[in-house]
Engineer: 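What follows is a single structure, and I will ask about it in a moment.
Small disclaimer: the values here were computed from a predicted structure and weren't measured.
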Amino acid sequence: MQFIDLSAVHDPGQVLGVIAAALPNSEPRGEPEWRIQNFTANRPTLLILDNFDRLLPAAPSLDHLLASAIHLRLVVTSRAALLLHGEVEYPVGPLALPHRMLNAASSGAVQLFVSRVQALTPTFALSEPNTAQVMRLCELLEGCRWRWNWRPCAPARMPWGTC
């Protein structure tokens, strides 16, 4: 799982380059799309792209990338639909953040996250090994009004206990 903050990107043409640069141990050379495809070729990868609102003209490049990188899954925060093939839009109001591991499952933010992941991976369950990671993701999204855009494909095979 990789969180990529796009708030500093102002040119939609730079989106794929920023994504490729954010991937750990990715090839330092080559076209960004090839670098992303190469990185995801043999490993399930979940990328969380934050602040995509101003970069909507780059949405078709995400659609193309998803079609060519079969192990790639995206969660994109945006105040507008991306109009991607297979996109599912989830408008979200302000959500309660978990304060402690003990009450994480009762948090609105965590409940939404779990339900959306289960739509892609029915076997996913909040567990002791992944609760801290899920809580951190919800904190990064600040429990604010977001639209989480999920692209449902074949069930994601994310190693949730190890991501």
Engineer: Going by the salt bridge (Lys or Arg N to Asp or Glu O under 4.0 Å) test, which pairs reach into residues 122-137, not counting sequence neighbours?
Structural biologist: Arg136-Glu139
Engineer: With a distance cut-off below 6.0 Å to the six-membered ring centre and an angular limit of 45° from the axis, does Arg43 pair with Phe39 as a cation-pi contact?
Structural biologist: yes
Engineer: Tell me whether Gln37 contacts the main-chain N or O of Ala69 through its side chain, where contact means a donor paired with an acceptor under 3.5 Å.
Structural biologist: no
Engineer: Going by side-chain contact (heavy atoms from CB on, under 4.5 Å), name the residues that satisfy it together with Leu56, two or more places apart in sequence or in a different chain.
Structural biologist: Phe52, Ser78, Ala80, Leu82
Engineer: Taking only residues two or more places apart in sequence, or in another chain, which ones meet Ser115 in a side-chain contact (heavy atoms from CB on, under 4.5 Å)?
Structural biologist: Leu112
Engineer: Check Cys138 against Val110 and note the closest heavy-atom contact, atom names and distance.
Structural biologist: SG-N, 3.8 Å
Engineer: Can you list the residues that meet the side-chain contact (heavy atoms from CB on, under 4.5 Å) rule with Arg29, with sequence neighbours excluded?
Structural biologist: none
Engineer: Testing the basics here: between Asn103 and Arg100, what is the closest heavy-atom pair and its distance to 0.1 Å?
Structural biologist: OD1-O, 2.6 Å
Engineer: I want to check something: taking the side chain as every heavy atom from C-beta on, are Ile36 and Thr45 in contact at a cut-off of under 4.5 Å?
Structural biologist: no
Engineer: So, Ser68 side chain and Leu65 main chain: donor-acceptor pair closer than 3.5 Å or not?
Structural biologist: yes
Engineer: Once rounded to the nearest 0.5 Å, what's the spacing between atom CG of Leu49 and atom CD1 of Ile19?
Structural biologist: 4.5 Å
Engineer: Under 3.5 Å, which donor-acceptor pairs link side chains of residues 3-12 to any protein atom two or more places apart or in another chain?
Structural biologist:
residue : atom : partner : partner atom : Å
Asp5    : OD1  : Ser7    : N            : 2.9
Asp5    : OD1  : Ser7    : OG           : 3.0
Asp5    : OD1  : Asn51   : ND2          : 2.9
Asp5    : OD2  : Ser7    : OG           : 3.2
Asp11   : OD1  : Gly13   : N            : 2.9

Engineer: Working to the nearest 0.5 angstrom, can you tell me the gap between Asp53 CG and Arg79 CZ?
Structural biologist: 5.0 Å
Engineer: Does Gln2 have more than 12 heavy atoms from other residues, nucleotides or ligands lying within 6.0 Å of its CD?
Structural biologist: yes
Engineer: Do Asn130 side-chain atoms and Ala125 backbone N/O form a donor-acceptor pair below 3.5 Å?
Structural biologist: yes
Engineer: With Gln111, which residues qualify under side-chain contact (heavy atoms from CB on, under 4.5 Å), at least two apart?
Structural biologist: none
Engineer: What's the spacing between His85 NE2 and His64 NE2 if we round to 0.5 Å?
Structural biologist: 13.5 Å
Engineer: Which atoms form the tightest heavy-atom contact between Thr40 and His71, and what is the distance?
Structural biologist: O-CB, 3.2 Å
